[in-house]
Engineer: 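Could you have a look at this structure, given as structure tokens, before my questions?
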Amino acid sequence: MKSAIEHVIGIERPCAKPRSRFIGRRLTLDQIKMGGRRLCEIREKAGLTQRALAKKANTGYRYLSKVENGHRLPSIDFYFKMADALNME
């Protein structure tokens, strides 16, 4: 079963520690943009605006917009915040 992070950014890598599975791995620009597009799709399916999701995740909506458009590389903790705000496991 994929974790919320794997579901959003589309990367699978087995590891015993869930928060450390992506540490040290370099992402390509395409993967960064894909993660942003996927986050946008999931947000829209949940019926949330960028402002609403950002508020639930306690982050800025402008930053969320830049992530969705592939202009920012967020931390893994950012994706965990998004997963929690979207009630993903």
Side-chain angles (χ1 to χ4, degrees):
M1 184 172 160
K2 286 185 176 182
S3 72
I5 304 305
E6 291 166 339
H7 186 68
V8 172
I9 61 176
I11 298 172
E12 294 184 49
R13 185 174 170 197
C15 182
K17 297 177 183 175
R19 286 191 180 242
S20 67
R21 73 176 65 182
F22 302 108
I23 293 174
R25 181 172 179 163
R26 298 202 183 266
L27 299 175
T28 66
L29 184 57
D30 287 339
Q31 288 173 319
I32 293 166
K33 289 184 177 185
M34 180 182 63
R37 284 192 300 266
R38 187 72 185 120
L39 179 58
C40 181
E41 290 171 10
I42 293 168
R43 176 184 57 76
E44 289 174 346
K45 277 186 182 179
L48 295 171
T49 64
Q50 287 179 340
R51 285 182 189 247
L53 178 57
K55 186 174 182 177
K56 283 180 76 170
N58 197 27
T59 191
Y61 74 92
R62 289 182 180 147
Y63 183 72
L64 175 58
S65 174
K66 289 177 183 179
V67 170
E68 287 185 356
N69 290 307
H71 297 291
R72 290 288 183 268
L73 175 60
S75 67
I76 294 300
D77 286 334
F78 174 85
Y79 281 115
F80 277 102
K81 280 182 173 181
M82 293 297 113
D84 289 342
L86 292 164
N87 298 319
M88 300 174 75
E89 294 180 0

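Starting from 1, each residue takes its place in the sequence as its number. Values below: every heavy atom of this structure, side chains too, minus hydrogens, waters and symmetry copies.
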Engineer: Atom OG1 of T49 and atom NZ of K55: how far apart are they, to the nearest 0.5 Å?
Structural biologist: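 One finds 10.0 Å between OG1 of T49 and NZ of K55.
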Engineer: Applying side chain to side chain contact (heavy atoms under 4.5 Å, CB included), name anything that partners K33, two or more places apart in sequence or on another chain.
Structural biologist: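 Counting only residues at least two positions away or on another chain, K33 forms a side chain to side chain contact (heavy atoms under 4.5 Å, CB included) with L29, R37.
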Engineer: What is the minimum heavy-atom distance between Y63 and L73, and which atoms define it?
Structural biologist: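 For Y63 and L73, the tightest heavy-atom pair comes out as OH-O, 3.9 Å.
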Engineer: Drop me the distance from N58's CG to D84's CG, to the nearest 0.5 angstrom.
Structural biologist: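 Going from CG on N58 over to CG on D84, the span is 12.0 Å.
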Engineer: Shortest non-hydrogen contact from M82 to A57?
Structural biologist: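 Shortest heavy-atom contact: CE-CB, 3.2 Å.
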Engineer: What is the minimum heavy-atom distance between A46 and L86, and which atoms define it?
Structural biologist: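 Shortest heavy-atom contact: CB-CD2, 3.9 Å.
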Engineer: Please give me the minimum heavy-atom distance between Q50 and Y61, naming the atom from each residue.
Structural biologist: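 Closest heavy-atom pair between Q50 and Y61: O-CB, 4.0 Å.
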Engineer: Under a 4.5 Å cut-off applied to non-hydrogen side-chain atoms, are L64 and F78 in contact?
Structural biologist: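 Yes; the side chains approach each other to less than 4.5 Å.
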Engineer: Show every salt bridge (charged side-chain N to carboxylate O under 4.0 Å, His left out) that has at least one partner inside residues 56-72, sequence neighbours left out.
Structural biologist: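 Matches after skipping sequence neighbours: R43-E68.
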Engineer: Under the salt bridge (charged side-chain N to carboxylate O under 4.0 Å, His left out) rule, collect the residues that match up with E41, sequence neighbours excluded.
Structural biologist: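 E41: salt bridge (charged side-chain N to carboxylate O under 4.0 Å, His left out) contacts with R38.
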Engineer: Mind listing the closest non-hydrogen atom pair of Y79 and P74 along with its distance?
Structural biologist: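 So the two residues come closest at CE1-CG, 3.4 Å.
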